[in-house]
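So you know, we letter chains A, B, ... as the sequences are listed, proteins then strands, and number each from 1.
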Amino acid sequence: MNAIIFTTILGIVLLYLGLAHNKKILAPAAILGLLITLVLSIKDWNIGSDYFHDMVIFDNFSIAFNVSMIIITILIFLFGIDYYKRMEHHVAEQYSLMIFALIGAFLMTSFSNLIMLFLGIEILSIPLYILAGGKKSSYRSNEASFKYFMLGSFATAFFLFGIALVYGASATFYLPEIKVYISQFNGNLPPMLLIGLLFILIGVAFKVAAAPFHFWSPDVYEGSPTLVTAFMATVVKTAGFAAFFRLLGMGLLPLPVPLEKALWVMTGLSLLIGNIGAMKQGNFKRLLAYSSIAHSGFLMLAMLSQHGSSVSVLLYYTFVYSLATIPLFIIFILVKRASNGEEQIADFRGLYQQKPWLAVFITILLVSLAGIPPTAGFMAKYQVFVLSISHGYLGISIFAILMAIVGVYYYFYVVREVFTESDHLETIVVTKLNAALIIACGLAVIVFGIFTWNLPI
Amino acid sequence: MILLIILLIPFVASLLLLLVKHAETVKKLALVSSVLNLLLTFYLLFSGSSTGVATQSYVFAGSQFSLGYDGVSLVMILLTNLLFPFIILAGFNREQKQPQILYALILFAQSALIGVFLAQNAFLFYIFWELSLIPVYFILLLWGGENRRAITLKFFIYTLAGSLFLLFGIIFLYQLTPGLHTTDFAVINQLVIPESTQIWLFWILFIAFAIKMPVFPFHTWQPSTYTMASTQGVMILAGVMTKMGIYGALRFLFPIIPLGVLFWQNTVIILSLIVVIYASVIAFRQANLKKLIAFSSMAHISLMAAAMFVLNYYSIQGVLFQVISHGVTIVALFYLVHIIEEKTGTLELSQMGGIKLIAPRLAILMLIVVLGSIALPLTAGFVGEFLMITGLFQQSVWFAAIGGITMILGAVYMLYAYQRVMLGETRADYKPITDLGLLDYCILIPLILILLGLGVYPQPIFNLVETAVVAMQNFLLPIANVATSFAN
């Protein structure tokens with residue numbers, strides 16, 4: 001709880017720091033604040049605490065996910081030092097909006113009540129609607145912001161409608177009570193309750209960009225400022241899956257058959273649309289958007305196969321996915337700057353000629369996303385498959401493996417571009433800080449891959 | 001400890017190479033590392049316990065890292081470490097871009113391959129299996145020839161697709177193990193899996209190996225990849241990586257799912273024999289020398305695959321023998337192709353001819369290797385193919401007949417190619433061609449000596465694999481008897 005209060009104050013303080021017209025102090029202040037939040041969160045480890053009549057429960061689950069998200073946000077802010085150097089106005093707002101979104105994410109990992117989940121999702125989303133439109137003069141950015149807002153509101157409406165229906169049936173918002181209420185029907189749920197639950201799941205599925213509720217993500221990813229896209233692809237995804245997991249575990253398990261079917265269909269569709277959609281993308285941000293949909297599919301596969309033991313897999317998967325994705329976005333920004341704002345995958349051509357070390361690290365990161373040993377991405381996928389195969393979901397596992405093969409294609413398509421020679425080379429400028437961070441992330445991806453490989457065995 | 005050293009020498013050397021500036025030093029260092037590894041392998045072979053089975057476990061960062069070997073692994077290790085010095089030598093005195101990275105990748109591939117053959121744990125096996133693919137991918141992508149971008153991507157996806165199915169199979173086996181799950185081969189080999197499961201599991205596991213070998217219908221990546229690859233790349237691919245498929249099949253299929261193997265035995269043999277004929281015919285029609293060799297390699301490997309599935313003493317012995325003999329032959333052949341391309345500037349058979357008149361020594365050495373490739377008696381190829389066809393004969397006369405045809409077809413296309421390259425009128429448009437240099441002798445003479453030596457006196461290899469072959473046979477015999485008694 002201290003963490004949430006402190007973070008809220010941090011966000012407001014940052015807003016006021018913006019008045020000082022000194023950009024240089026913003027990032028250090030924000031990072032320092034987040035480090036304190038990190039310490040405050042870790043201090044609560046093993047001390048379960050609940051607030052507001054059990055509406056918010058901080059347990060080890062929520063702390064673990066919060067810590068993961070704080071680390072990722074710190075990483076994004078560190079990259080932000082260079083990214084926001086070129087921006088003259090409203091830099092403070094960028095930082096504080098991300099911090100406000102983070103607070104929403106904290107609530108999404110620790111709710112025990114549908115209203116709290118709703119608040120969490122909204123607190124996360126509203127800053128993001130603004131952030132997506134961060135480039136005021138850019139047509140695409142405005143489009144992204146508006147699209148995200150429209151579709152996001154639509155999903156929120158569904159979500160609220162679902163909560164209302166569930167409340168109408170069960171007369172409670174409190175998830176454990178809803179669970180008791182559901183269990184009395186022995187699987188034959190009344191239509192109102194069933195539709196209510198389905199709408200709630202749709203609301204969450206929208207946030208994690210699971211197909212068929214993914215339509216916003218390629219456009220929004222493409223149009224938003226790249227650093228914001230990185231934030232969306234990582235922190236929002238982590239928070240979304242934490243919420244998804246908690247919602248199922250606290251309120252809905254064992255899943256009623258129609259809902260379970262609906263979720264399996266979403267899993268299959270996410271795998272299919274994510275991977276097939278990514279194949280033909282020329283724009284790198286859209287490619288990563290589809291890849292993010294595909295990863296949602298893998299995460300859902302783990303979560304649905306064996307809910308109880310999938311916690312560590314979800315945490316590990318989302319964390320190493322973020323570790324690989326953020327530097328990719330950053331490298332993309334650097335390449336994009338050199339090629340005068342083009343956003344094509346072909347911009348990576350000649351990277352190996354010009355900056356061999358950068359080419360090596362981008363390869364490591366892509367290999368990790370593709371799930372090839374010895375990287376962390378492989379261990380993550382391996383654990384997902386251990387869960388799904390050992391619980392007998394062989395058909396969908398084979399399907400997921402086929403889709404993973406498709407994934408290898410488009411990730412290695414990028415690798416191929418990186419190692420293709422180019423006639424006209426633009427100078428790619430990498431600041432020392434960015435270089436250090438990219439190298440650190442690349443090494444972390446390998447270290448996590450090697451030193452955790454005994455986890456499932 | 002020696003296993004770990006053999007595994008790590010190339011890996012450490014590959015990291016060191018990245019720090020070296022001078023190109024010739026890089027090559028020399030790489031050569032020293034690989035020769036050192038070869039010497040250590042000989043030490044391992046002669047240190048007494050070579051015929052037995054040994055497992056050594058190392059606890060590494062909390063995880064079990066178990067390496068070990070039996071006769072089959074030893075043959076593979078011997079082959080790998082024997083060929084890599086020659087593969088590295090093949091780059092000496094030749095202009096290559098970024099030699100640091102090239103040789104680092106080559107040594108890294110060697111390390112990963114050794115890991116594949118030493119791993120005593122299916123999970124570890126898989127890690128090394130994938131690791132070996134990455135350096136080879138970059139060797140092909142960065143040092144390959146024409147149209148390499150599309151071809152390497154196809155090669156990579158193809159092999160990785162197989163690997164992912166293998167991963168599925170490994171996880172499936174993992175969750176079948178009792179108690180605390182494990183992927184140790186020792187435990188997995190004891191599993192009793194129902195026949196209906198074995199029948200579908202067979203294909204899940206086999207696809208990965210079939211793609212690596214390659215066996216029909218998973219062979220379509222091979223000819224274009226071989227043709228495009230640089231000489232060193234194709235030597236690694238054809239000499240060693242194809243053997244990974246054979247090793248994997250011996251390690252996974254026969255001990256773990258014998259009933260599945262029995263069920264699909266004839267299907268695989270027939271598929272392989274189809275390729276044998278098909279590849280031989282295409283090889284005959286090829287206009288490109290390198291592609292011709294690629295198809296001939298496909299035919300030979302498929303014959304090995306067919307023989308492997310016969311599951312009797314002779315055939316398995318023959319396959320393991322042929323692993324060495326084919327590896328040595330194909331490396332020598334590709335090196336010869338490389339020399340010819342350097343000297344004539346082309347690979348098209350229609351533009352060659354009469355090289356014998358200007359470079360007689362090259363012609364003689366090539367003739368010996370070609371004869372080894374078509375399995376003439378007194379060469380190692382003969383011993384292997386003879387054993388394999390004996391094995392096929394015990395399964396069915398027809399299989400043996402078709403297998404035997406390959407030896408004839410092999411003679412036809414290889415000699416026809418030799419004739420078009422070496423004999424006839426000398427082409428007027430050749431630059432003045434010099435004969436072989438010292439380096440070429442250093443590579444070709446030892447390889448030829450191995451070929452002839454093993455052809456005359458194959459016993460050392462038989463001794464090496466004896467226990468492994470008997471073990472493999474014992475593993476399958478009772479089940480085969482049960483199966484036939486059921487059938488009766």
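- Taking both residues in full, the closest heavy atoms of A:Tyr409 and B:Ile157 are given as CA-CD1, 3.2 Å, listed atom of the first, atom of the second, then distance.
- Looking at A:Leu394, the atoms closer than 4.5 Å to chain B (heavy atoms on both sides) sit in the backbone and in the side chain alike.
- Interface remark: A:Thr363 contributes side-chain atoms only to the contact with chain B (heavy atom separation under 4.5 Å).
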Using the rule given for ring-ring contact (aromatic ring centres under 6.0 Å, His included), can you reason through A:Tyr382 versus B:Tyr126, listing the C-alpha separation, both sets of side-chain angles and the distance that settles it, and then say yes or no? CA-CA 11 Å; A:Tyr382 174 75; B:Tyr126 181 79; 8.1 Å; no
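- When only modelled atom types and interatomic distance are considered, B:Arg149 and A:Thr420 share a side-chain donor-acceptor pair under 3.5 Å.
- The neighbour count for A:Lys280 NZ, taken as heavy atoms of other residues, nucleotides or ligands under 6.0 Å away, does not exceed 12.
- Here the CZ-CG distance, from A:Arg416 to B:Leu141, works out to 8.5 Å after rounding to the nearest 0.5 Å.
- Counting heavy atoms from C-beta on, the side chains of A:Ile372 and B:Ile134 come closer than 4.5 Å.
- Note: A:Phe419 CZ to B:Leu142 CG = 6.0 Å, rounded to the nearest 0.5 Å.
- Looking at heavy atoms from C-beta onward, A:Phe378 lies in side-chain contact with B:Ile127 at the 4.5 angstrom threshold.
- Between B:Tyr137 and A:Phe412, the ring planes are perpendicular. Angles over 60° get that label, and only those under 30° would be called parallel.
- Heavy-atom minimum distance, B:Ile171 versus A:Val386: CG2-CA, 3.6 Å.
- Ranked by heavy-atom pairs under 4.5 Å with chain A, the first of B:Leu153, B:Ile204, B:Thr152 is B:Leu153.
- Across all their heavy atoms, B:Gln175 and A:Ser390 have their closest contact at CB-CB, 3.5 Å.
- Taking 4.5 Å as the limit, some side-chain heavy atom of B:Phe138 sits within range of a side-chain heavy atom of A:Val415.
- Between A:Lys381 and B:Glu130 there is no salt bridge, since no side-chain N of the basic residue sits under 4.0 Å from a carboxylate O of the acidic one.
- Using a 4.5 Å cut-off between heavy atoms, B:Leu176 does not touch chain A at all.
- There is no contact between B:Ile170 and chain A, counting heavy-atom distances below 4.5 Å.
- The shortest non-hydrogen separation linking B:Leu164 to A:Ile401 is O-CD1, 3.4 Å.
- Heavy-atom minimum distance, B:Leu131 versus A:Pro374: CD2-CD, 3.6 Å.
- For a residue to count as touching a neighbouring chain, one of its non-hydrogen atoms must lie under 4.5 Å from one of that chain's; by this rule B:Phe172 touches chain A with backbone and side chain alike.
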